[in-house]
Amino acid sequence: MKWPTLDSGEMRHQITILGQVPSTDVSGSTVTMAPILTCYAKIEPVRGVDVIKSGQETTQLFLTLSIWWQAGIVANMQVQALNGLYLIQSVENVLELDVVLKLNCLAIGKNL
């Protein structure tokens with residue numbers, strides 16, 4: 001078995017993981033996103049897909065972010081990077097060894 005590892009030189013993007021925090025405002029209970037963790041990551045584009053939604057053509061960008069293992073990171077959290085905001089769709093603990101996490105993400109908003 002080969003031990004999972006990351007090349008530290010490729011981890012040059014500083015990211016912030018955002019988690020859901022319940023809060024209240026004048027309209028009642030809401031959920032906001034608050035910073036949970038800041039770390040360095042390797043960002044790799046996987047693919048881009050052109051999609052027609054409501055008669056408008058948009059692009060969906062899928063990425064994989066690799067970071068050192070951190071407890072508590074789950075799907076539906078968000079990643080704030082220098083070039084945009086990403087939704088974590090799934091989290092892979094490589095070989096289940098608690099060494100490397102791969103975050104499979106979808107770009108949100110105007111990061112394309």
Side-chain angles (χ1 to χ4, degrees):
M1 174 178 76
K2 185 177 178 185
W3 195 260
T5 186
L6 289 172
D7 180 357
S8 297
E10 292 179 339
M11 299 176 66
R12 59 183 162 263
H13 304 278
Q14 186 173 3
I15 63 168
T16 301
I17 306 288
L18 306 171
Q20 296 181 356
V21 176
S23 62
T24 57
D25 62 8
V26 293
S27 63
S29 297
T30 61
V31 175
T32 59
M33 301 303 282
I36 293 177
L37 167 73
T38 299
C39 63
Y40 282 90
K42 174 183 177 182
I43 299 177
E44 301 173 277
V46 175
R47 72 180 190 278
V49 179
D50 289 332
V51 179
I52 297 176
K53 290 184 180 180
S54 302
Q56 295 184 4
E57 185 176 341
T58 61
T59 301
Q60 290 183 333
L61 178 62
F62 297 90
L63 309 120
T64 299
L65 283 73
S66 300
I67 63 172
W68 294 116
W69 185 84
Q70 298 286 330
I73 298 176
V74 295
N76 288 331
M77 288 183 165
Q78 294 179 359
V79 176
Q80 178 69 57
L82 178 65
N83 293 327
L85 186 64
Y86 309 104
L87 174 66
I88 300 175
Q89 292 188 312
S90 66
V91 179
E92 177 188 351
N93 182 359
V94 178
L95 297 177
E96 299 295 325
L97 292 174
D98 297 346
V99 177
V100 174
L101 283 182
K102 290 195 177 261
L103 311 176
N104 299 304
C105 301
L106 173 65
I108 299 173
K110 299 181 180 182
N111 356 350
L112 306 171

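Note that this is a predicted model, so its numbers are computed, not measured.
Between Y86 and C105, the closest heavy-atom pair is CB-CB, 3.9 Å. The shortest non-hydrogen separation linking M77 to G72 is CE-O, 3.2 Å. Contact between G19 and I36 at its shortest, heavy atoms only, is CA-CD1, 3.2 Å.
Under the 4.5 Å side-chain criterion, counting only non-hydrogen atoms from C-beta, D98 is in contact with N93. The shortest side-chain heavy-atom distance between I17 and V79 falls under the 4.5 Å cut-off. Considering only heavy atoms from C-beta on, V99 comes within 4.5 Å of W68 through its side chain.
A continuous path of hydrophobic side-chain contacts links M11 to W3 [ILVMFWY only; heavy atoms under 4.5 Å]. In the hydrophobic clustering of ILVMFWY residues, with side-chain heavy atoms under 4.5 Å counting as a link, L18 and V21 come out apart. Linking Ile, Leu, Val, Met, Phe, Trp and Tyr residues whenever their side-chain heavy atoms come within less than 4.5 Å places L37 and V74 in a single cluster. A continuous path of hydrophobic side-chain contacts links V94 to Y40 [ILVMFWY only; heavy atoms under 4.5 Å].
Taking the charged nitrogens against the carboxylate oxygens, E10 and K42 do have a contact shorter than 4.0 Å, which makes a salt bridge.
Rounding to the nearest 0.5 Å places CG of L103 at 13.0 Å from CD of Q78. Distance check, rounded to the nearest 0.5 Å: NE2 of H13 to CD1 of I67 gives 13.5 Å. Between the CD1 atom in I88 and the CG atom in L63 there is a gap of 11.5 Å [rounded to 0.5 Å]. Atom CG of L87 and atom CZ of F62 lie 10.5 Å apart (nearest 0.5 Å). If you take CG on N104 and CG on L65, they are separated by 9.0 Å, rounding to the nearest 0.5 Å. Of the inter-residue distances, the one linking N76 atom CG with Q89 atom CD reads 9.0 Å to the nearest 0.5 angstrom.
Shown here are the side chain to side chain contact (heavy atoms under 4.5 Å, CB included) partners of T38, two or more places apart in sequence or in another chain: Q14, T16.
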